[in-house]
There are 2 protein chains.
Amino acid sequence: MASKATIHDVAQQAQVSAGSVSRALNNYPHVSEELKNRVLAAAVALDYQPAYLAHGLRRGRSNSVGFLVGTIANPVISTIFEAAAEALSTEGFTITLVSSRNQAELDVACLRLLASRQVSGLMVSSAAEAPEPARELIAELGIPTVLLDREASAEAHVHAVQSDHASSIKEAVAHLTEQGHRQVAFLGGPADFYPTRQRYAAYRDALRALDLPRRRELCRFTSFTERAAYAEALLLLRSAPPPSALIVAGNIILAGALMALQDLSLVVGRDIALVACDDIHLTRLYRPPITAIRRDLKLLGATAARLLLQGMQEGAGAAERVITLPTELTLRESTQYAPTRLPSAPAGGEEFAGVALAR
Amino acid sequence: MASKATIHDVAQQAQVSAGSVSRALNNYPHVSEELKNRVLAAAVALDYQPAYLAHGLRRGRSNSVGFLVGTIANPVISTIFEAAAEALSTEGFTITLVSSRNQAELDVACLRLLASRQVSGLMVSSAAEAPEPARELIAELGIPTVLLDREASAEAHVHAVQSDHASSIKEAVAHLTEQGHRQVAFLGGPADFYPTRQRYAAYRDALRALDLPRRRELCRFTSFTERAAYAEALLLLRSAPPPSALIVAGNIILAGALMALQDLSLVVGRDIALVACDDIHLTRLYRPPITAIRRDLKLLGATAARLLLQGMQEGAGAAERVITLPTELTLRESTQYAPTRLPSAPAGGEEFAGVALAR
DNA sequence: ACAGTCGCAGAAATCGTTTTCCGACAGGTG
DNA sequence: CACCTGTCGGAAAACGATTTCTGCGACTGT
């Protein structure tokens with residue numbers, strides 16, 4: 001009913017041609033006030049809604065941007081995209097959402113789907129990374145694209161918004177060192193994943209700069225499932241000598257790590273210091289509150305939207321842009337007190353280490 | 001490049017007419033094997049992707065379903081929609097996502113937008129509820145629709161998937177009563193919100209059935225922001241006599257409530273028993289773990305998708321369907337031990353009751 | 001051998017817009 | 001008065017698919 005009236009109905013009602021209706025409604029030059037008013041009145045009277053499909057077909061663009069996500073069921077991702085969606089929709093764009101279900105091999109199929117939908121822009125927070133076929137496809141598609149927290153591309157139409165993970169990681173390691181920690185562990189996402197690479201590199205550099213021991217077994221990578229993160233965290237925590245501090249990337253991984261800590265009866269802030277890489281409800285509300293690296297997710301989404309809007313406007317014009325947004329280390333109790341595992345408390349420390357070793 | 005080849009290019013390559021290409025590709029009857037092969041080969045050679053817009057325009061349907069959400073930045077919502085999106089996309093549908101930013105007055109505009117996009121189906125988890133104009137619009141739009149955890153509609157094309165909030169709430173109240181609690185508080189979402197109404201009604205009925213005091217000030221409703229939930233929780237917890245148990249609806253509200261509890265130095269499981277209405281990472285990982293009402297969010301989403309697919313297939317055919325899925329109360333330590341606030345100290349108990357009567 | 005089906009495929013109409021093309025008309029100028 | 005310039009709006013051609021219409025052969029039954 002609502003979408004039943006066509007432009008011809010409006011034209012008939014207003015006693016003009018269909019072309020004039022189109023011109024009047026789209027604010028073309030050289031349209032008389034009088035005609036415009038007549039058309040507007042008729043459109044309102046008939047509750048005319050232009051048929052999007054026909055509009056897009058003729059115009060050659062769909063006025064919709066494609067969102068490719070690994071999963072939307074992650075509060076960090078969904079917050080970013082919500083902000084981006086808001087900015088884009090106020091500019092008249094619709095969002096077409098596709099999830100590759102965290103399966104890298106589905107990325108390409110999802111992109112093709114979006115391309116066949118003739119999206120006018122692309123926002124990508126895909127499952128996988130790097131030399132991947134998905135990147136090539138994005139490059140050859142020629143659609144203005146913004147990568148979210150992914151390795152930037154050299155293509156002119158492919159922009160990127162990233163977070164400065166490195167500086168906060170370095171800050172965190174420095175902070176832990178000041179508290180006396182020397183065995184600092186790192187639990188990251190998939191090793192080829194851009195944020196993980198950034199964080200890991202910063203972690204490694206910081207250890208080197210501060211002359212801390214760099215032990216391979218204190219550094220593990222896991223997929224984005226709680227179960228996998230739990231398993232890796234267990235392995236990591238059981239290594240000898242055990243870590244006295246742990247940096248975990250991502251909120252799902254944090255959940256797995258906390259489960260592992262609880263299963264090993266390790267109390268955060270007492271037996272081990274903990275730093276999380278995204279600030280979610282859990283980090284603030286956990287007892288003790290967990291030190292976390294914060295970033296403005298809404299700003300990230302909004303910035304990405306702005307970049308994409310620019311990219312879509314200038315067509316295949318200017319060169320690619322990369323924007324890096326700051327992160328901020330928020331200290332909380334999980335890193336505030338020197339854990340008992342620290343070698344500074346000699347006897348107790350030994351004992352705890354012994355227990356940990358014995359499982 | 002990828003979407004550059006049209007059906008005419010394929011026709012030319014295969015030395016047939018455009019119509020035949022369409023028939024061959026869409027598995028029409030009366031197409032010779034030989035022609036079909038030739039067309040298929042040509043299509044592959046040219047990497048032909050049918051133009052979605054033209055296809056939809058001619059067919060009259062867009063092969064995309066609209067998702068209307070209050071916000072996607074809520075893990076419960078996004079998990080449901082992720083599951084629904086997966087089921088729908090395997091059937092060849094695309095998702096068009098619109099967020100009304102939790103503003104009830106935007107619901108209608110969002111629906112109109114989706115309607116103008118000629119979506120073939122609608123999935124609604126809108127901000128607001130009830131006699132609202134949005135419901136009327138959905139009714140008159142005539143698009144097959146599934147409401148997610150919302151009041152069902154009498155319209156033939158409007159289906160619903162709901163959760164059986166009531167039974168678990170009753171179970172929770174019974175459990176609390178068994179532990180000796182008499183001052184059971186309830187912190188819900190907006191009062192006109194379907195899940196809140198269901199939960200509140202069940203809570204009230206359970207109190208009545210178990211002959212517990214029903215005090216208005218122990219029952220508060222809040223919007224879906226952490227700040228608001230925090231404020232209401234403070235008021236609720238400060239009422240005299242204070243509640244010894246608290247049931248909170250929704251994950252955002254839980255976060256606000258936990259903040260309030262921490263600010264008042266009330267320890268969950270010791271000073272107050274706590275029941276949450278959605279099982280998220282936070283409930284499982286909080287110390288102590290929080291008793292929660294669980295439901296299978298993926299099943300909810302998948303069921304909604306199934307309902308919508310049915311609805312879109314049978315057109316304006318059969319009548320509306322409502323499916324109610326079970327919930328399950330998972331007991332954890334937050335309700336396991338009798339809190340210190342319990343009137344088991346008799347004098348206090350009398351006093352509490354007296355105050356309760358006086359309102 | 002002839003009318004009646006049936007399978008197949010080309011030509012053309014169609015979906016609802018936008019856009020191009022073109023003609024009509026008004027007003028100012030040489 | 002002829003001529004240009006510029007505004008306005010109708011008619012028709014796109015856009016790229018699907019679907020209807022139509023006709024051509026081949027096959028069947030009598």
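By convention in this document, chain letters (A, B, ...) are assigned in the order of the sequence lines, proteins followed by strands, and residues within each chain are numbered from 1. Side chains included, hydrogens not; waters and symmetry mates left out as well; all remaining heavy atoms used.
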Between the protein and nucleotides 10-12 of chain D, are there any N/O to N/O pairs under 3.5 Å, and if so, what are the atom names and distances?
from	atom 1	to	atom 2	distance (Å)
D:dG10	OP2	A:S17	N	2.9
D:dG10	OP2	A:S17	OG	3.0
D:dG10	OP2	A:S20	OG	2.6
D:dG10	N7	A:R23	NH2	3.0
D:dG10	O6	A:R23	NH1	3.3

| field | Qualifying ring pair (Phe, Tyr, Trp, His ring centres under 6.0 Å) pairs, either residue in residues 5-36 of chain A, two or more places apart | value | none
| query | In degrees, rounded to 10°, what is the bend between the two ends of the helix from C:dA1-D:dT30 to C:dG30-D:dC1, using five pairs at each? | reply | 60°
| task | Give a yes or no on whether the backbone of A:T6 and the side-chain of A:D9 come within a donor-acceptor separation of less than 3.5 Å. | result | yes
Please list each protein N or O that sits under 3.5 Å from an N or O in nucleotides 25-27 of chain D, with the distance.
none

| note | For B:I77 and B:S125 the tightest heavy-atom approach is CD1-OG, 3.7 Å
| query | Is a side-chain N or O of B:R135 found less than 3.5 angstrom from the main chain of B:E151, in a donor-acceptor match? | reply | yes
| query | Are any side-chain N or O atoms of B:R321 and backbone N or O atoms of B:A156, one a donor and one an acceptor, separated by less than 3.5 Å? | reply | no
I'd like a table of atom pairs between the protein and nucleotides 13-17 of chain D - only N or O on both sides, under 3.5 Å - with the distance next to each one.
from	atom 1	to	atom 2	distance (Å)
D:dA14	N3	A:R58	NH1	2.9
D:dA17	OP1	B:Y48	OH	3.0
D:dA17	OP1	B:A51	N	2.9
D:dA17	OP2	B:I7	N	2.3
D:dA17	O5'	B:Y48	OH	3.2

| task | Side-chain contact test, heavy atoms from C-beta onward, threshold under 4.5 Å: evaluate it for A:T324 versus A:V161 and give yes or no. | result | no
| request: Examine distances only and state if a side-chain atom of A:T303 and a backbone atom of A:L299 form a donor-acceptor pair shorter than 3.5 Å. | output: yes
| query | Is the backbone of B:L148 close enough, under 3.5 Å, to the side chain of B:R150 for a donor and an acceptor to pair up by distance? | reply | yes
| Is a donor on one side and an acceptor on the other found under 3.5 Å between the side chain of B:R38 and the backbone of B:A14? | yes
| query | Is the closest side-chain heavy-atom distance between B:S153 and B:I138 below 4.5 Å? | reply | no
| Contact boundaries of DNA chain C with chain A (under 4.0 Å, heavy atoms), 5' to 3'? | C:dG16 to C:dT20
| message | Show the nearest heavy-atom pair for residues A:T71 and A:S99, with the distance to one decimal. | response | CA-OG, 4.1 Å
| B:I143 backbone acceptor or donor facing B:T145 side chain under 3.5 Å | yes
| message | Could you check whether B:S100 and B:D107, counting side-chain N and O atoms only, form a donor-acceptor pair closer than 3.5 Å? | response | yes
| Does any N or O in the side chain of B:S116 come within less than 3.5 Å of the main-chain N or O of A:Q49, such that one atom is a donor and the other an acceptor? | no
| query | If only atom types and distance count, is the side chain of B:E82 paired as donor or acceptor with the main-chain N or O of A:I72 below 3.5 Å? | reply | yes
